[in-house]
**Student:** 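Okay, here's the structure, questions in a sec.
Naming convention: chains lettered A, B, ... in sequence-line order (proteins, then strands); numbering from 1 in each chain.
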Amino acid sequence: MIGTGRSVKSITARRRHPLARFAVVALALGLLGGGYALAAPNGSTADAAVASGKADDVAKGKDLFVAHCASCHGLNAEGTKSGPTLVGVGAAAVDFQVSSGRMPAADPGAQAPRKPLDEWVTPEAIDQLAAYVQSLGGGPTRPSAEQVDPAKGDPAKGGELFRANCIQCHNFVGAGGALTYGKYAPSLNEASPTQIYEAMATGPQAMPVFNDSTITPAQKRDMIAYITSVRGQVDPGGSGLGRIGPVTEGLVAWVVGISLLVLAAIWITAKKRQAH
Amino acid sequence: MTDNTIDQPEDRVPKRVIGTPPPSEAVLKEEPAHKPEALPGVQYQDPVSARKAEKAVALLFAIAFLAGAGFIASYVIFQVGTLEKTSASNFALGGTLTLALLALAAGITTWVRKIMPKYSMIQERHLMASDSDTREYVKETFLAGAEESGFVKHKLLRRTLLLAAAPLGLAPLVLLKDLGPLPGTKLRHTVWGEATKNGKPRRLITEGTGQPIRAADFNSPGGILSVVPEGYEHDLNALAKATLILLKFRPEELKSGTNLNWTHDGIVAYSKICTHVGCPAALYEQTTHHILCPCHQSTFDASDGAKVVFGPAARPLPQLPIGIDGEGYLIAKADFNVPVGPSFWERGDAEREAREKAEKA
Amino acid sequence: MDTPPKAIAGVSTFLDDRLGAGSFLKRNLRKMFPDHWSFLLGEIALYSFVILLLTGTFLTFWFKPTMGEVVYNGAYEPLKGVMMSEAYASALHISFDVRGGLLIRQIHHWAALLFVAGMVVHMLRVFFTGAYRKPRELNWLIGILLLSLALFEGLTGYSLPDDLLSGAGLRITQGVILSIPLIGTYIQFFLFGGEYPGEDIISRFFTLHILLIPGILLALITAHMILMWVQKHTQMPGKGRTEKNVVGAPFYPAFMAKAGAYFLFTFGVLALLGTFAQINPIWLFGPYTPADISAGSQPDWYMGFLEGSLRLMPAWEINLFGTSGGTVPLSVLIPALVPLGLIMTGLALYPFLEQWVTGDRREHHVADRPRNNPHRTSIGISAMTFYGVLWLLGANDEISANFHIGLYETTMFGRVAVFLGPAIAYFVTYRICLGLQRKDAEIVSHGVESGVIKRMPNGEYIEVHTPPADDILAHMRGKKEIPVIESAADREGIPPKGARSLIGRLRAKMSKAYGTDRVPLEEEHGEEHVAVGAGERKEVH
């Protein structure tokens with residue numbers, strides 16, 4: 001089966017093939033970097049905390065919120081000019097934004113990018129923060145580990161849904177694409193299954209929402225199965241050239257193909273200059 | 001090759017190499033041809049370096065042979081059937097083929113450059129035009145022939161021949177008529193306007209899942225769904241005109257461009273087919289309510305009747321009147337009131353026509 | 001070797017007895033082919049075409065050009081059980097279930113890209129060296145036809161696998177066809193056998209792609225080769241090379257071997273690409289449906305300039321008869337037709353316009369160095385800039401996404417650059433050409449710097465200049481003056497007949513601008529080329 005740890009490794013090696021590096025460096029795409037298999041953060045402890053009334057987590061979460069989030073989102077998450085209200089966004093939104101490093105945002109821009117996590121961002125801290133935000137006004141909760149297990153999904157069915165709902169922004173393999181005014185649909189290569197699920201459920205930033213009543217959790221899992229199987233799959237025809245379609249192919253045809261053939265032509269016809 | 005030859009490059013008769021026949025009359029007779037002076041513009045290579053080059057060429061040809069044999073072996077050894085197997089097979093077949101071809105090419109190039117003489121031979125050119133005598137002869141022959149044939153003199157013959165050719169020339173064009181039906185008004189309607197087989201209004205179906213959509217379920221503002229008509233989920237001709245994007249707004253977000261009578265509880269349906277050249281316009285930014293077409297970047301404001309805010313599309317995405325049926329599922333209340341998709345000659349200003357009709361009513 | 005081997009002699013005699021091939025071979029075995037690397041560029045296209053025919057034939061053995069729906073049950077797991085057209089399923093079958101199928105498919109696609117790229121670089125070489133001039137105008141026109149047909153051949157081939165990406169291209173094609181005034185809808189219904197996408201287009205494009213267009217291509221390529229053979233190749237200026245001769249290597253054996261090696265190089269590079277660079281991974285795109293599209297849907301490179309011009313266009317549309325019809329979608333029609341039309345018509349007319357402007361009716365067999373006809377070179381670079389801006393903007397979404405530039409900013413940039421770029425390119429190229437001419441003139445008149453510093457009796461230091469190698473000198477001296485039509489008034493102040501009308505005066509003016517040599521080569525000053533050292537610059541012009 002595709003998508004096992006071993007094949008991911010061999011793909012990474014393949015993508016580091018000189019030709020791939022050439023194409024990618026030439027375009028400065030930087031799409032292929034990074035490992036894929038981010039460990040899925042431990043499921044629904046925050047929700048459990050809220051359910052079981054563990055006020056401890058909520059209180060600690062409130063402290064974290066005041067320290068790291070309140071300057072933009074307000075002391076009670078009511079929202080300010082520089083950040084929307086977080087009442088009702090749910091634990092899923094918190095987990096998605098914080099675990100991917102998008103929040104806390106480094107600087108205001110068109111879009112908060114994925115970035116390395118701050119030191120204080122530990123799974124427990126996310127749990128506490130999520131518990132606090134969930135306690136404010138409900139909202140989408142985090143999926144269980146089973147809900148995002150690619151092995152339990154049907155990639156073929158997920159592929160159809162993926163093509164119907166996702167690829168117009170994220171490209172046919174989730175390599176990402178452009179939006180207006182400097183925004184962009186990010187590459188899905190680094191997103192963990194949980195993050196993919198949470199993004200669909202909460203609609204972070206410019207992304208629309210795909211709620212559970214129209215795209216069911218099982219269907220979301222199918223899509224996750226498709227995304228992870230395709231992104232982990234070997235490129236049987238050589239370097240994937242960033243998997244963004246004919247643009248890099250055309251570039252390679254000219255930069256590699258025509259250049260090599262011009263060099264060959266020069267070699268065939270070169271003359272040693274006669275001495276005088 | 002022995003060292004002697006290298007020591008005595010002036011030696012006209014090459015030293016005997018093991019395996020070659022002893023110098024004979026033939027070899028000696030052939031010798032003069034090797035003199036650089038033999039043909040003007042032909043400069044022979046130094047025989048020593050030519051011998052050296054021969055070894056390099058032979059090596060390259062040997063590599064080509066091995067790689068070519070490797071190609072055949074790869075075909076037998078590597079099977080296909082899974083991605084990994086196909087990948088290995090492609091790599092083995094392609095790698096050996098590449099090596100064989102490039103080694104052969106390099107070998108021949110070395111052969112030409114290092115073993116064949118250097119040429120700088122001269123060939124004369126002549127004007128392309130024939131000389132005047134020839135031209136004169138052709139002209140006279142042509143005129144004589146035309147006269148002999150009677151084509152010039154016999155008017156009736158000439159005219160009836162042309163007449164006879166005319167319909168035959170048109171025949172191929174006539175034959176092409178059955179390539180397709182005439183357009184009629186097909187481009188003006190979609191299947192949303194037709195009732196279903198049992199006479200009920202047509203439901204909106206989620207693309208990919210095949211499920212009808214309960215309005216109460218599509219309740220997250222900022223939500224989007226790609227929607228196809230009930231009964232035509234896999235009919236590409238129908239989908240090419242009837243596919244929708246369904247958007248959920250907070251009521252306060254909708255502006256005057258959107259026909260509120262055609263929405264249901266903040267749910268709006270627009271044609272997904274771009275009015276520029278027909279790509280599915282479906283990149284939706286829930287923060288700006290922009291719908292962006294990925295092909296040529298026409299941008300529509302979904303909160304304001306999908307009017308064009310950027311790009312080459314000249315018209316808004318048509319809005320579909322929707323409502324709910326008795327079970328709460330979203331249905332189409334009528335067809336689009338203007339033709340969807342790219343513009344065509346017969347279309348006209350359908351938007352104005354629709355507006356005027358609405359004002360009259 | 002005194003006599004040819006018996007086998008060859010026997011066959012030759014047999015053939016000569018029946019075909020009289022001897023006299024043909026006598027004339028042609030030692031046909032001369034001038035040596036210059038740029039003369040091989042056209043062969044990239046020729047050999048790519050041969051490889052396209054071979055690999056294409058292989059693909060037809062498995063490809064099923066029908067749009068009937070099937071459920072996929074092949075080797076590619078993530079699509080198992082998905083409904084798709086038979087065309088797409090068979091293309092997947094070739095990729096995953098036929099040994100070498102993926103390799104051949106990839107070589108075919110790479111060869112298609114290099115086929116058009118080879119034509120373009122060859123055409124640029126011919127243009128910039130003036131090799132299209134009399135007597136080669138007809139071959140130039142055949143070349144333009146070949147290029148246009150190649151674009152159609154590429155378009156039809158791109159559409160065949162019926163994946164989501166190829167369908168997007170087809171949809172845009174349909175939108176463009178619909179936009180044609182008066183007959184657009186009819187053409188669309190006839191081409192697609194009814195409404196889009198219908199069930200006929202793949203099989204119709206298949207016939208066009210594998211029979212009709214390649215047949216015409218083959219015929220035209222043959223004509224192209226025959227004309228080249230009969231007219232003999234042009235040569236670069238150089239020692240002993242005149243308008244009346246060809247200096248080079250004979251067809252047999254040298255050129256034959258070189259051409260053979262170059263075929264193998266072309267095939268080898270295509271195999272290299274087909275092995276190590278994945279192209280058109282149709283299994284990742286999924287089956288076509290008009291309801292879906294991927295971000296970054298792009299055409300192959302040779303259609304990129306059309307895509308770019310569609311993206312640049314503002315939203316113009318007019319309704320000639322108001323609500324009752326006469327819709328002319330200028331935002332589709334102009335970008336689809338005007339750049340292509342400008343480029344192709346401009347290319348086709350250029351030899352004749354140049355002849356009209358210069359009044360030059362002579363045969364030309366010695367090629368120009370691009371710098372020596374600065375206006376032609378500038379026009380060429382200007383056109384390339386126009387094309388290049390459109391081409392670049394055809395990928396503006398990828399540029400925007402990967403370099404984080406605003407999407408609309410790229411479009412706005414393109415809208416300005418498409419007009420400004422060519423003008424700047426013209427000016428800059430013209431100055432560069434004159435600069436290079438000046439350098440040549442200096443070398444011809446003063447020789448090259450030898451690096452030897454001499455002290456003169458009066459204490460001045462100079463650098464000794466030595467005469468350039470005579471093959472280089474001959475190459476530079478190959479510069480030909482460009483004729484200017486007679487337009488000066490005679491003694492009574494009456495201009496010649498052709499120069500009296502408005503167009504005549506314009507023509508005379510253009511001729512003067514086009515033909516005037518601003519940096520004439522000077523004669524050498526004797527044998528000892530001693531130029532002054534620091535402090536005094538020799539002004540050539």
**Student:** Does any backbone or side-chain atom of B:Lys272 lie under 4.5 Å from a heavy atom of chain C? Answer side chain, backbone, both or neither.
**Tutor:** side chain

**Student:** Heavy-atom cut-off 4.5 Å, strictly under: side chain, backbone, both or neither for C:Tyr76 against chain B?
**Tutor:** side chain

**Student:** What are the two closest heavy atoms between B:Pro280 and C:Ala291, and how far apart are they?
**Tutor:** CB-O, 3.5 Å

**Student:** Against chain C, label B:Lys177 side chain, backbone, both or neither, depending on which of its atoms sit under 4.5 Å from a heavy atom there.
**Tutor:** both

**Student:** Heavy-atom distance under 4.5 Å to chain C: side chain of B:Ile122, backbone, both or neither?
**Tutor:** both

**Student:** By a 4.5 Å heavy-atom criterion (distance strictly below it), what part of B:Leu127 contacts chain C: side chain, backbone, both, or neither?
**Tutor:** both

**Student:** Which atoms of B:Leu292 come close to chain C, meaning under 4.5 Å heavy atom to heavy atom: side chain ones, backbone ones, both, or neither?
**Tutor:** side chain

**Student:** What part of B:Val338 is in contact with chain C, defined as an atom under 4.5 angstrom from a non-hydrogen atom: side chain, backbone, both or neither?
**Tutor:** neither

**Student:** Among B:Lys241, B:Lys186, B:Arg188, which one satisfies salt bridge (charged side-chain N to carboxylate O under 4.0 Å, His left out) with C:Glu195?
**Tutor:** B:Lys241

**Student:** Search all heavy atoms of C:Thr327 against all heavy atoms of B:Ser343 and return the closest pair with its distance.
**Tutor:** CG2-CB, 3.9 Å

**Student:** Would you mind telling me which of C:Ile180, C:Asn396, C:Val230 has the largest number of heavy-atom pairs within less than 4.5 Å of chain B?
**Tutor:** C:Asn396

**Student:** Ignoring hydrogens and geometry, is there a side-chain-to-backbone donor-acceptor pair from C:Arg311 to B:Cys295 under 3.5 Å?
**Tutor:** yes

**Student:** Would you say that C:Leu178 contacts B:Leu187 through its side chain, given a criterion of any heavy-atom pair below 4.5 Å between the two side chains?
**Tutor:** yes

**Student:** Heavy-atom distances under 4.5 Å only: say whether B:Met121 touches chain C with side chain, backbone, both or neither.
**Tutor:** both

**Student:** Does any N or O in the side chain of B:Arg125 come within less than 3.5 Å of the main-chain N or O of C:Asn245, such that one atom is a donor and the other an acceptor?
**Tutor:** yes

**Student:** Name the orientation class of the two ring planes belonging to B:Phe310 and C:Tyr408 (parallel below 30°, tilted from 30 to 60°, perpendicular beyond 60°).
**Tutor:** parallel

**Student:** Which region of B:Ala240, side chain (C-beta onward) or backbone (N, CA, C, O), has a non-hydrogen atom less than 4.5 Å from a non-hydrogen atom of chain C, or is it both or neither?
**Tutor:** both

**Student:** Identify which part of B:Ala281 has an atom lying under 4.5 Å from any heavy atom of chain C, answering side chain, backbone, both or neither.
**Tutor:** neither

**Student:** Under 3.5 Å, side chain of C:Glu363 to main-chain N/O of B:Met128, donor-acceptor pair present?
**Tutor:** yes

**Student:** Tell me, side chain or backbone of B:Glu207 under 4.5 Å from chain C's heavy atoms, or both, or neither?
**Tutor:** side chain

**Student:** Quick one: what part of B:Ser120 sits under 4.5 Å from any heavy atom of chain C, side chain, backbone, both or neither?
**Tutor:** both

